[in-house]
Structures are given as structure tokens and as C-alpha cells.
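Okay, so here's the structure we're looking at.
What you are looking at is a predicted structure, and each value in this text was computed from that prediction instead of being measured. Each chain gets a letter, A, B and so on, in the order the sequences are listed, and its residues count up from 1.
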Amino acid sequence: MLNMKLFKEQVELIRADHEKRGISCEPIDTVLELEAQLVDARHQMEMARKERNTAARAIGVAKKSGDAAEIERVMAEVTDLGKRIDELDEAANSLIEQRDRVRMSIPNILHKEVPVGADEGGNTQHSLHGDKPEFDFDARTHNELIEMNKWVELERAAKITGSRFFFLKGDLARLELALQSYAVDFICKRGYTFIQPPVMMNRQAYEGVTDLSDFETVMYGVEPDKLYMVATSEHPLTAMYMDEVIDTALLPIKMVGVSACFRREVGAHGLSDRGIWRVHQFTKVEQIIISDPEDSWQHHEDLLQNCIDLWDSLDLHYEVVNICTGDMGTVAARKYDLEAWLPGADAYKEIVSCSNCTDYQANRLKIRYRKKDNTHASVHTLNSTAVATSRALVAIMEQNQLEDGRVKVPEVLVPYMGKGILEPCSF
RNA sequence: GCCGAGAUCGCAUAGCCUGGUAUCGCGCGUGACUGGAAAUCACGUGGGUCCGUCCCGCGGGAGUUCAAAUCUCCCUCUCGGCGCCA
């Protein structure tokens, strides 16, 4: 959510951003109009309250002096004022609610270097990494590999939960665990603190970190308890500091979290989504930074560099992409994706997403820091995947496959696995 | 799940019984003193603001009252005790 100060002092900035995104400026005008009404309503209410406070204090004085007629007169006056205040208060609250409902739908201000484009076709290449593997046989898709090696149970999982859930078995499950440990170790060596978050959150905290429409399309709700399963550990790890003023000396706070992630994936269909590429539950190692606004763009580059170094060390071929205006979403001000090459699909597909959300989440969550001049300001929040394990498994399987369908383990993971080749499962 | 005690500005803490302007301290900021600093002293230090001897704010919500941090009820969380439990 954008700060009201921005609407009052630099509304041209918001308008210019909407032009760039190719969306209507109408909501901006609505916010300004509601704000003008609110200021007026609030002022009227304050004046009425002032009158009442003054009169009510006079009652205390009059009671001590015992002037019964005077007490009665003032009390009648105060009762009338009370009714008027209630009405004005109700009007003001309704205006705030209307204003913020519109304000929440207004997206973050983009970084000036975000490429302009209508949809994902407008994304541009940032850099290309690793060598594209060559096969002297027909490369298989990950679907074929998991089936011939019996590494994944999709149909049996469907019996007990539904489609898009899975059991991960044997060497592939062990590789998943190895990836988690390796990625956590890798990021911790760079000064991040490992944190395991809760995987459910309440509505209020969740509204602070995500787009409202996500409640319909992304999140699972746990009904009787009014909780939501987290879609990524970014959400609990960012929200954990809500309503706090952080000691400036503690910034930046750098965290690496691991959690199961739950997504409804409403409307996702198609051949490219089969297997374990797009599923309702997967595990993700995530980097989070809570930063002084002055440093956040440097941290954003650092997060990307961590990903590049990590994925280079796995010896995989991928590209880094600049996400364009039309593909950005509401919360991020700038976003890089890593897209791994999948020989089975003959395409580059998203495996990592690295965002600077600037103060957009922090405004909503009221995560502030104390500045030198003793005033408060919102922090910046950043997040980046390190590895989403199920997608990393797909990339490793497809790029490291052998002719017989077995898979070579990346060098750096061999110590975590205790073996260099993934063998088929016996059942 | 049951019983009890709590939640007050960045931190800490008083006010609650007995309703009438949010207290002391620490930290931080500004100024004075100084060659400079420390120490000391003064002022400031939740949000809003049309800058007022203004309005709001004491975990959240409702109620009683002319008036609620203060009284009543409901909820959330924390701490202690008991129970259950991987």
C-alpha cells in the first residue's frame, strides 16, 4: 500500500507510473477525492469534540461548586454534541474504509529501469549462465523420468488429497533434502540467519503481505480456525515484524527460511504444468531482507548475486530475466526471475523470483525504523527464492539425465547425498 | 482444555482500588557549557494537524457515564500452575 503522503505531495509520480503500466488513473483520483472528504469530516469532528471536552470539564468544576442549574444546562448541551460526534465519526470511518479499499488496489511505484511491456513477452534478458547441455540421445521430459524411475506417486496422492499433490520417493526425495541443506548452508555463509516459520497465518497479517485477489486464487484457508496456509515463507518472515519499530542498528535483517508452500493454482492447466512442475504443495528455501530504504537497491542486487552463485554452483544452464511492467504484479517495484532451460520442453522456465517491494508491504504491516532525527519511517522489504526444490529437481533431472534415464547428482550435492547417481526406486 | 496473573509511547515503569490533561527512568535528538569530547544542565522524543492553552491514542471490540488507561462484558496474546501430547 502506498503512503498517503505520496498521494498528497507527489501524485504526479503515481500517475506517471500508471501511464507506464498502461492502467487507468481513475483509482488515484478516487483516493484523492475521498481523502479531501475525510479531511473535512475529521475537522468537523475534531471541533465538535473540542466543544464537548471543554464543556465536560466544566461539569466537574460546576459539581464542586454545587451550581445545580448550571450542571443541568451543560449536560444537555454535551448530550447533543455526543450524538453529532457519533454521526461524524461514523462518516469518517466509512470514508477511511472506502479510501483504503481503493488505495490497496493501487500498485507499487516501479523502479525506473523496469522495461515497459504488456505481458511476459515484454520481459528482457539480463544475463545467460552455464553451458546448454547437449545430448547424443533423445532427451526425456521430467515426467518420463519420474515415471520410469518410480520417484513420484501422483495418482496415489490424488486418492488421499486430490490432483497436484505428490509423494516424493527414494533417491529423488533424498536429493530434495540435500538441496534444502545445501542451499541453507550456502546462504547462511553469507551472513543470513536460518529461520523456520509457521506455515499458517491469520487474515490480518496476511493482508499485509499480499494482493487481495490472492485470497481467491492462491491461498488455502483453514476454515474453523480462520487461518491461511502460507503460499511462501516470504509471507510469515516479512510479517513477523508487523507493528514494530526496529532499532536502526539491527538493520539490515537478513533471513533464510525454509517451509512447505501451499498454493491453490486456480485456473492452471495444460501440458507444461504436468508432473511436479506446478503443484499445490512444495518446499522452498527463501531469502528475506528487511532494510534501511537507502540500501535496498544494493541488497536487491546482492540477493540476485546469491542466486546466480548458488545456481552456478549446481552447474545448471539458465537465464536471468528483467520482469517488465505488464508482468510485475502489485507489490514489487522491481523483479528478476531466473529461468532454467528444460531440454524436455525445449524452453526456459521460471525457477527463482527476486523482488524489492520497497515500502509497499512495510506500510501495510507498519514495520518502521527510527531515523537519526528521531522520526519513524517504513523499512524496505525484499525477498528472493534461493531454491524451490520441486522445480530445482525438474531442472536437475532434465539437464543431468543419462541415456538410461538415471540422473547425475550435481558435484556440490554429492557430499549431502552420499552418492553421485540417482537410482530408480524398487516400488 | 481448566485455574490464576498480566498487556501503558523505542525499552522499562507509575497511574487503575477511589473515573476528570499519560508519570519517573533509560535510550535517542536538539541546544548550552568546551579548543574538542566526556560529565552536567535545559528542551524535545506515539499518530494527526487548519500548528491551537487543538484532536486522537494506554492489546482489540462492545457497554456504562456528561466524562473511561481507570468501571462492566466479550475476544486476542503473554506469563505461572494443572491436564493432554510428537
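B:G46 and B:U8 are spaced 12 Å apart, taking the C1' atom of each and rounding to whole Å. Comparing the same atom, P, in B:C73 and in B:A14 gives a spacing of 24 Å after rounding to whole Å. For the C1' atoms, the distance from B:G4 to B:A86 is 28 Å, rounded to whole Å. For the C1' atoms, the distance linking B:G15 with B:C58 amounts to 10 Å, nearest Å.
Residue order along RNA chain B, read from the 5' end via each residue's closest nucleotide, puts A:A56 first among A:A56 and A:R49. The residue among A:V78 and A:R42 whose nearest nucleotide of RNA chain B lies closer to the 5′ end is A:R42.
Across all strands shown, the partner of B:G31 is B:C41, judged by Watson-Crick or G-U wobble contacts whose two distances both fall under 3.5 Å. Of the nucleotides present, none pairs with B:U49 by Watson-Crick or G-U wobble criteria with both distances under 3.5 Å. With a cut-off of 3.5 Å on both Watson-Crick or G-U wobble distances, the partner of B:A5 is given as B:U78. Pair check for B:C17 finds none; no Watson-Crick or G-U wobble contact set falls under 3.5 Å.
Applying the side-chain contact (heavy atoms from CB on, under 4.5 Å) rule to A:H126 yields the partners A:L304, A:V320, A:N322, A:Y336; only residues at least two apart in sequence or on another chain are considered.
The main-chain N or O of A:C324 is found under 3.5 Å from a side-chain atom of A:N123 such that the two form a donor-acceptor pair.
Residues A:E97 and A:N93 have side chains that never bring a donor and an acceptor to within less than 3.5 angstrom of each other.
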